[in-house]
Undergrad: 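Provided herewith is a single structure, encoded as structure tokens, for subsequent inquiry.
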2 protein chains.
Amino acid sequence: MDPDLPFDVFARSCPSRGTLEHVTGRWGALTVVALYECTLRFNELRRRVDGVSEKMLSQTLHALERDGLVHREAQPTNPPRVDYALTPLGQDVADRLMGLIGLLEERMPEILAAQEKYDAERGA
Amino acid sequence: MDPDLPFDVFARSCPSRGTLEHVTGRWGALTVVALYECTLRFNELRRRVDGVSEKMLSQTLHALERDGLVHREAQPTNPPRVDYALTPLGQDVADRLMGLIGLLEERMPEILAAQEKYDAERGA
DNA sequence: CAGCATCCCGGCCGATACTG
DNA sequence: CAGTATCGGCCGGGATGCTG
């Protein structure tokens with residue numbers, strides 16, 4: 001990308017690779033985008049991100065929190081209540097991810113047509 | 001995202017999930033972005049995407065080609081020459097991905113600081 | 001409710017060898 | 001050069017059970 005930047009995602013050892021994988025991983029992108037609109041609690045998030053297991057959501061949130069994209073706030077109440085929200089940096093990342101996901105959703109007809117054509121020509 | 005769209009990435013069964021994973025997968029994002037600037041041959045791509053194995057690059061390219069994001073053009077010469085380029089849809093996806101990656105690269109200092117703080121407080 | 005610990009299976013992915 | 005074929009390790013991630 002910008003050759004003057006000290007971080008180059010194309011380099012195997014660049015730490016940006018790790019964060020990119022957290023953000024674009026199987027559950028990372030959906031989790032970040034789910035938090036775009038509003039703060040959510042653990043199980044609210046779990047319901048919103050259809051299909052994620054408790055374990056994976058927990059892992060994903062820890063990684064995103066460590067990267068400074070998600071803020072975790074535990075209320076010392078009973079029953080416990082924990083809110084997850086995006087940090088300002090997380091909001092910026094979410095903007096980009098929403099652009100990407102929105103594009104894919106919009107152009108799914110085109111993608112599905114390409115897949116059918118590909119399968120018809122090759123796979124059978 | 002847009003509730004009027006027939007495709008919702010949050011739904012487990014939505015086909016957009018698959019394409020999102022191809023595009024954001026471990027090698028998908030880097031492959032698409034590597035092709036942003038220019039057409040590349042297989043081994044050029046392999047060198048650009050530092051760390052990818054032959055097998056993974058091949059699989060990634062097939063998935064992206066099937067989704068209609070990458071165009072593959074084989075020249076019947078000897079030695080063989082195969083060029084990979086983005087389709088118009090692939091270009092649009094690459095734009096979004098470059099925005100995301102550029103943002104992460106720019107703000108890596110912030111991310112690294114968050115990681116250190118997290119590790120200092122918890123892990124250690 | 002929020003979550004960690006444990007078990008365990010499938011498949012991701014790297015390494016190697018081979019083909020046109 | 002541009003791949004495919006095959007093997008095998010390891011870990012992603014689902015299921016279950018338990019804690020505060």
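Lettering follows sequence order; numbering is per chain, from 1.
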Undergrad: Would you jot down, in residue-number order, the residues of residues 22-42 of chain A having a non-hydrogen atom under 4.0 Å from DNA chain D?
TA: A:Arg26, A:Trp27
Undergrad: Determine whether B:Phe7 and B:Thr19 satisfy the following criterion, side-chain contact (heavy atoms from CB on, under 4.5 Å), listing intermediate values before the conclusion.
TA: CA-CA 12 Å; B:Phe7 297 102; B:Thr19 302; over 6 Å; no
Undergrad: Shoot me the first and last contacting nucleotide of DNA chain D against chain A, ordered 5' to 3', at under 4.0 angstrom to non-hydrogen atoms.
TA: D:dG13 to D:dG20
Undergrad: side-chain contact (heavy atoms from CB on, under 4.5 Å) for A:Leu104 and B:Val9? Distances and angles first, verdict last.
TA: CA-CA 9 Å; A:Leu104 291 181; B:Val9 80; over 6 Å; no
Undergrad: To the nearest Å, how far apart are B:Met56 CE and C:dC13 C1'?
TA: 5 Å
Undergrad: Could you state the atom-to-atom distance from OH of A:Tyr84 to P of C:dA2 in whole Å?
TA: 8 Å
Undergrad: Heavy atoms only, 4.0 Å cut-off, all strands: where does A:Gln59 land among base, sugar-phosphate and nothing?
TA: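 No contact.
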Undergrad: For the pair A:Arg46 (side chain) and A:Val52 (backbone), establish whether a donor and an acceptor sit closer than 3.5 Å, ignoring hydrogens and angles.
TA: yes
Undergrad: So which one's nearest nucleotide on DNA chain D is more toward 5', B:Pro80 or A:Pro80?
TA: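 Result of the comparison: B:Pro80.
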Undergrad: Output the rounded distance in Å from CZ (A:Arg46) to P (C:dG3).
TA: 12 Å
Undergrad: Would you confirm whether B:Arg81, through its side chain, and B:Ala74, through its main-chain N or O, come within 3.5 Å as a donor-acceptor pair?
TA: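 No, the answer is negative, given that no donor and acceptor are paired below the 3.5 Å cut-off.
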Undergrad: Check whether B:Asp67 reaches the backbone of B:Leu69 with its side chain - one donor and one acceptor, N or O, closer than 3.5 Å.
TA: no
Undergrad: Where is the tightest heavy-atom contact between A:Ala94 and A:Tyr36, given as atom of each residue plus distance?
TA: CB-CD1, 3.5 Å
Undergrad: Does B:Glu44, at its CD atom, have more than 12 non-hydrogen atoms belonging to other residues, nucleotides or ligands within less than 6.0 Å?
TA: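 Atom CD in B:Glu44 is packed in, count exceeds 12.
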Undergrad: Any idea which heavy atoms bring A:Asp83 and A:Arg41 closest together, and the distance?
TA: OD1-CG, 3.3 Å
Undergrad: Between the main-chain N or O of B:Ala11 and the side-chain N or O of A:Asp50, is there a donor-acceptor pair closer than 3.5 Å?
TA: no
Undergrad: Looking only at the side chain of B:Lys55 (C-beta and beyond, no hydrogens), which of the listed nucleotides C:dG3, C:dC1, C:dA15 gets closest?
TA: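 Of the candidates, C:dA15 comes closest.
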Undergrad: Report the C-alpha distance between B:Thr87 and A:Glu110 in whole Å, list the side-chain angles of each, state the deciding distance to 0.1 Å, and finish with yes or no for side-chain contact (heavy atoms from CB on, under 4.5 Å).
TA: CA-CA 12 Å; B:Thr87 62; A:Glu110 201 172 326; over 6 Å; no
Undergrad: Which is it for B:Leu61 and B:Arg72 under the side-chain contact (heavy atoms from CB on, under 4.5 Å) test, yes or no, and what are the steps along the way?
TA: CA-CA 9 Å; B:Leu61 285 168; B:Arg72 179 182 185 279; over 6 Å; no
Undergrad: Should A:Ser58 be listed as having a side-chain N or O under 4.0 Å from OP1 or OP2 of C:dA2?
TA: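 No, outside the criterion.
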Undergrad: Taking for each residue the nucleotide of DNA chain D with the nearest heavy atom, is it B:Arg47 or A:Glu54 whose nucleotide lies nearer the 5' end?
TA: B:Arg47
Undergrad: Going by heavy atoms closer than 4.0 Å, what residues in residues 64-78 of chain A are next to DNA chain D?
TA: none
